[in-house]
Amino acid sequence: MMDVSVKLDTSKFDRAAAELKKQLLYASSVALNNVAFRIHGTYSSQRQELVEQWTNYETLSLEFCEEIVEPATRRWMQMGLLADAFKVPRDVDPSTLMHVDFITPVMPWINPLHEASADETLLEDVLASPQQTIRRRGKKPDDVVKQTAAWQRKLRENKITTPTKRTVVPAENTESDSESE
């Protein structure tokens, strides 16, 4: 009896099959890690996966706002106006009542330390404004300022000091300092 064995090099096929699977999943807007249950890799690879998939979540969020939330909000506002359920302040232009901004969920952080450090660098190098950074996190800049001021006031009232990395510039001095330079 003759022994016949065949050795096939399947490494190229395996790589091609893996690449084909990735491309098919990408085309169908499904994350490879969601299908393969892989939760490993470097910070960069995890971040890249999240960034690639976030557009799908963002698109669905925007569609939901356009198709469901916006019409319901407009109807609610119209019914409230017709029923005199609320008074429109005099300084508000009535034609702007239907202009509503819908803020969709922000992309979650994978590594908060890296991303907070990146935000800090952008702020220090004046490549982003504090307002942009705050809005990217889904917050309102004015609310953050008011909350921070109230917290600082409460700390002072209770004689609590906390370490800080930056010197605080009083708001009333910012315009005059920038004009004099």
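Residues Gln152 and Gln147 form no side-chain contact, since every pair of their non-hydrogen atoms from C-beta on lies 4.5 Å or further apart. Using a 4.5 Å cut-off on side-chain heavy atoms (C-beta onward), His99 and Thr96 make contact.
Residues Trp76 and Val88 share a single hydrophobic cluster, defined by chaining ILVMFWY side chains whose heavy atoms lie under 4.5 Å apart.
With rounding to the nearest 0.5 angstrom, the CG atom of Leu60 is 12.0 Å from the CD atom of Glu67. Of the inter-residue distances, the one linking Ile160 atom CD1 with Trp151 atom CH2 reads 7.0 Å to the nearest 0.5 angstrom. The CG atom of Asp119 lies 10.5 Å from the CD1 atom of Ile134; values are rounded to the nearest 0.5 Å. With rounding to the nearest 0.5 angstrom, the CD atom of Glu120 is 6.0 Å from the OG atom of Ser117.
The two atoms that bring Pro71 and Glu66 nearest to each other are CD-O, 3.3 Å, heavy atoms only. Taking each heavy atom of Pro141 and Lys139 in turn, the nearest pair found is CD-O, 3.8 Å.
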Checklist entry - Taking it one step at a time, do Ile68 and Glu63 satisfy side-chain contact (heavy atoms from CB on, under 4.5 Å)? => result CA-CA 8 Å; Ile68 307 294; Glu63 279 188 37; over 6 Å; no
Item to check | Thr133/Leu122 under side-chain contact (heavy atoms from CB on, under 4.5 Å): CA gap, chis, key distance, verdict | outcome: CA-CA 9 Å; Thr133 305; Leu122 290 172; 5.9 Å; no
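Glu70 meets the salt bridge (charged side-chain N to carboxylate O under 4.0 Å, His left out) test with Arg74; sequence neighbours excluded.
Under the side-chain contact (heavy atoms from CB on, under 4.5 Å) test applied with Leu81, the options Gln78, Met77, Met79 reduce to a single match, Met77.
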